[in-house]
Amino acid sequence: MGDKEKEPVLEDDAMGSCSAWGNFEDDDVMQQQCSIQDDEAKKFPYVGDKEPLSSLAAEYQSGSPILLEKIKVLDEQYAAIRRTRGDGNCFFRGFMFSYLEHILESQDNAEIDRVKANVERSRKALQTLGYAELTFEDFFTLFLEQLEDVIQGKETSISHEELVLRSRDQSVSDYVVMFFRFVTSAEIQKRSEFFEPFIMGLTNTTVEQFCKSAVEPMGEESDHVHITSLSDALGIPIRVVYLDRSSCDTGGVSVNHHDFIPVATDLPNASGSTEKNNPFITLLYRPGHYDILYPKGG
């Protein structure tokens, strides 16, 4: 019995494994579980430190030659990588950190106002879809607080170091991930006719079932549907660079990428649309996982 109770230690569940033990009366068991989870978190933070791209090459030294060649190509365009924990939430965590880091560095007040308006639209969409406000309000509030705190010159302003620490704090990081999951779900359901063919091709379920089972729960991995809908909902372009074993028809080695550009109706000003279409968030995709990439000169 004791051994079976320890099995969930290896899992990184919804809002943290520790909360899942609330029904157990054995405090010692619960404390042991939390202690082991904390140890694992220290080994694999939700968001890692910035590393040179050479650290990526080191992973594949004894692996596929084509991957090493592709990493050389990446090295010409990108300066660094920041890893995210592989817990099924890596896309949302990578997006979260990249976006808040961009705002902290750019101090782009127009962008902050624009994204707040889109957040409000997502909030209203959830209400229209019949979601009780208490199910999502805390997540929205926490994200908006993080957005406010990266604006400099206020008592609540945070440094880049503090942003990194918050991204590794489960009580902040998981809540922001849940915020993005609700925004994504609202966008998919709001435009269900558009997304339905893609979802049917993936899972053979209804749009609503897909959102309940593959979008809203923590730990569910993200694919093109998630990325497209989040990009559209917030009006934020995202570049995804693919590192895989696929080869080029010409025989040369190239690294493919796809830019997720928000639908035109979600872009703020037509005059500024070209600039808005230039992604400032770049994620590296390896089958089943997303990390953050930093372009050279960026």
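Of the possible polar contacts, one joining the Tyr285 side chain to the Gly288 backbone as a donor-acceptor pair under 3.5 Å is found. The backbone N or O of Lys116 lies less than 3.5 Å from no partner atom in the side chain of Glu120, so there is not a single donor-acceptor pair. Without hydrogens or angle criteria, Ser98 side chain to Phe95 main chain gives no donor-acceptor distance under 3.5 Å. Side-chain atoms of Ser167 never come within 3.5 Å of backbone atoms of Phe97 as a donor-acceptor pair (strictly under, hydrogens ignored). Looking only at distances, a side-chain donor or acceptor of Asn89 sits under 3.5 Å from a matching main-chain atom of Gly219.
Phe140 and Phe179 have perpendicular rings, their planes meeting at more than 60° on a 0 to 90° scale where under 30° would count as parallel. By the 30° and 60° cut-offs, the orientation of the rings of His224 relative to Tyr242 is parallel.
Both Val183 and Leu283 are part of a single hydrophobic cluster, where members link through side-chain heavy atoms under 4.5 Å apart. In terms of hydrophobic clustering, with Ile, Leu, Val, Met, Phe, Trp and Tyr side chains grouped at heavy-atom distances under 4.5 Å, Ile188 and Phe180 are assigned to different clusters. No path of Ile, Leu, Val, Met, Phe, Trp and Tyr side chains, each step under 4.5 Å between heavy atoms, connects Val225 with Leu234, placing them in separate hydrophobic clusters. There is a path of hydrophobic side-chain contacts, each under 4.5 Å, that joins Phe143 to Ile238. Grouping the Ile, Leu, Val, Met, Phe, Trp and Tyr side chains by contacts below 4.5 angstrom, directly or via other members, places Ile103 with Val172.
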### Task
Determine, stepwise, if the pair Asp244 / Lys70 fulfils side-chain contact (heavy atoms from CB on, under 4.5 Å).
CA-CA 8 Å; Asp244 54 30; Lys70 288 191 173 190; 3.1 Å; yes

### Query
Could you walk me through whether Glu161 and Leu165 pass the side-chain contact (heavy atoms from CB on, under 4.5 Å) check?
CA-CA 6 Å; Glu161 291 74 19; Leu165 290 174; 5.5 Å; no

### Task
Give the intermediate values and the outcome of salt bridge (charged side-chain N to carboxylate O under 4.0 Å, His left out) for residues Glu162 and Arg166.
CA-CA 6 Å; Glu162 178 63 23; Arg166 286 191 183 185; 3.4 Å; yes

### Query
What do the steps show when you test Arg114 against Ile236 for side-chain contact (heavy atoms from CB on, under 4.5 Å), and what is the final call?
CA-CA 10 Å; Arg114 189 194 65 74; Ile236 299 170; 3.6 Å; yes

### Task
Could you walk me through whether Ile151 and Gln107 pass the side-chain contact (heavy atoms from CB on, under 4.5 Å) test, one step at a time?
CA-CA 6 Å; Ile151 303 169; Gln107 294 297 295; 3.9 Å; yes

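Comment: Glu101 does not engage Lys50 in a salt bridge, judged by the lack of any side-chain N to carboxylate O separation of less than 4.0 angstrom. Ion pairing between a basic and an acidic side chain is recognised when a charged N comes within 4.0 Å of a carboxylate O; Asp291 and Arg286 show such pairing. Look at Glu76 and Lys296 and you find no salt bridge, because none of the NZ, NE, NH1 or NH2 atoms lies under 4.0 Å from a carboxylate O. Classification of Lys212 and Glu216 as a salt-bridged pair holds, one side-chain N sitting under 4.0 Å from a carboxylate O.
Considering every non-hydrogen atom in both Ala233 and Ser122, the closest pair reads CB-OG, 4.3 Å. Summarising the geometry of Gly235 relative to Pro237, their closest heavy-atom pair is O-CD, 3.8 Å, with the distance given to 0.1 Å. Closest non-hydrogen pair, Gly94 versus Ile292, comes out as O-CD1, 3.7 Å. Heavy atoms only, all atoms of each residue included: Phe210 and His226 are closest at CZ-CE1, 3.7 Å. For the residue pair Ser229 and Phe195, the shortest heavy atom distance occurs at CB-CZ, 3.6 Å. Taking both residues in full, the closest heavy atoms of Ser157 and Gly153 are given as OG-N, 3.2 Å, listed atom of the first, atom of the second, then distance.
Side chains of Phe92 and Leu230 form a contact here, defined as non-hydrogen atoms less than 4.5 Å apart. Within the 4.5 Å cutoff, the side chain of Thr84 has heavy atoms near those of the His289 side chain. Side-chain contact between Leu144 and Glu148 is absent, with no heavy-atom pair separated by less than 4.5 Å. Counting heavy atoms from C-beta on, the side chains of Val215 and Glu220 never come closer than 4.5 Å. For the pair Ile227 and His258, the minimum side-chain heavy-atom distance is 4.5 Å or more. Taking the side chain as every heavy atom from C-beta outward, Leu56 and Leu243 approach each other to under 4.5 Å. Two residues are said to be in side-chain contact when any heavy atoms from C-beta on lie closer than 4.5 Å; Val176 and Arg93 fail this criterion. The shortest distance between side-chain heavy atoms of Val164 and Arg82 falls below 4.5 Å.
More than 12 heavy-atom neighbours from other residues, nucleotides or ligands sit within 6.0 angstrom of CD on Gln152. The neighbour count for Glu59 CD, taken as heavy atoms of other residues, nucleotides or ligands under 6.0 Å away, is above 12.
Judged by the 6.0 Å distance and 45° axis criteria, Arg168 is not positioned over the aromatic ring of Tyr46.
Donor-acceptor pairing under 3.5 Å is recorded for the side chains of Gln127 and Glu133. Side-chain contact check for Gln209 and Thr205: no donor-acceptor pair (N or O, by modelled atom type) lies under 3.5 Å. In summary, the side chains of Glu111 and Tyr99 do present a donor paired with an acceptor at a separation below 3.5 Å, with no hydrogens or angles considered. No side-chain N or O of Glu145 forms a donor-acceptor pair with one of Tyr175 less than 3.5 Å apart.
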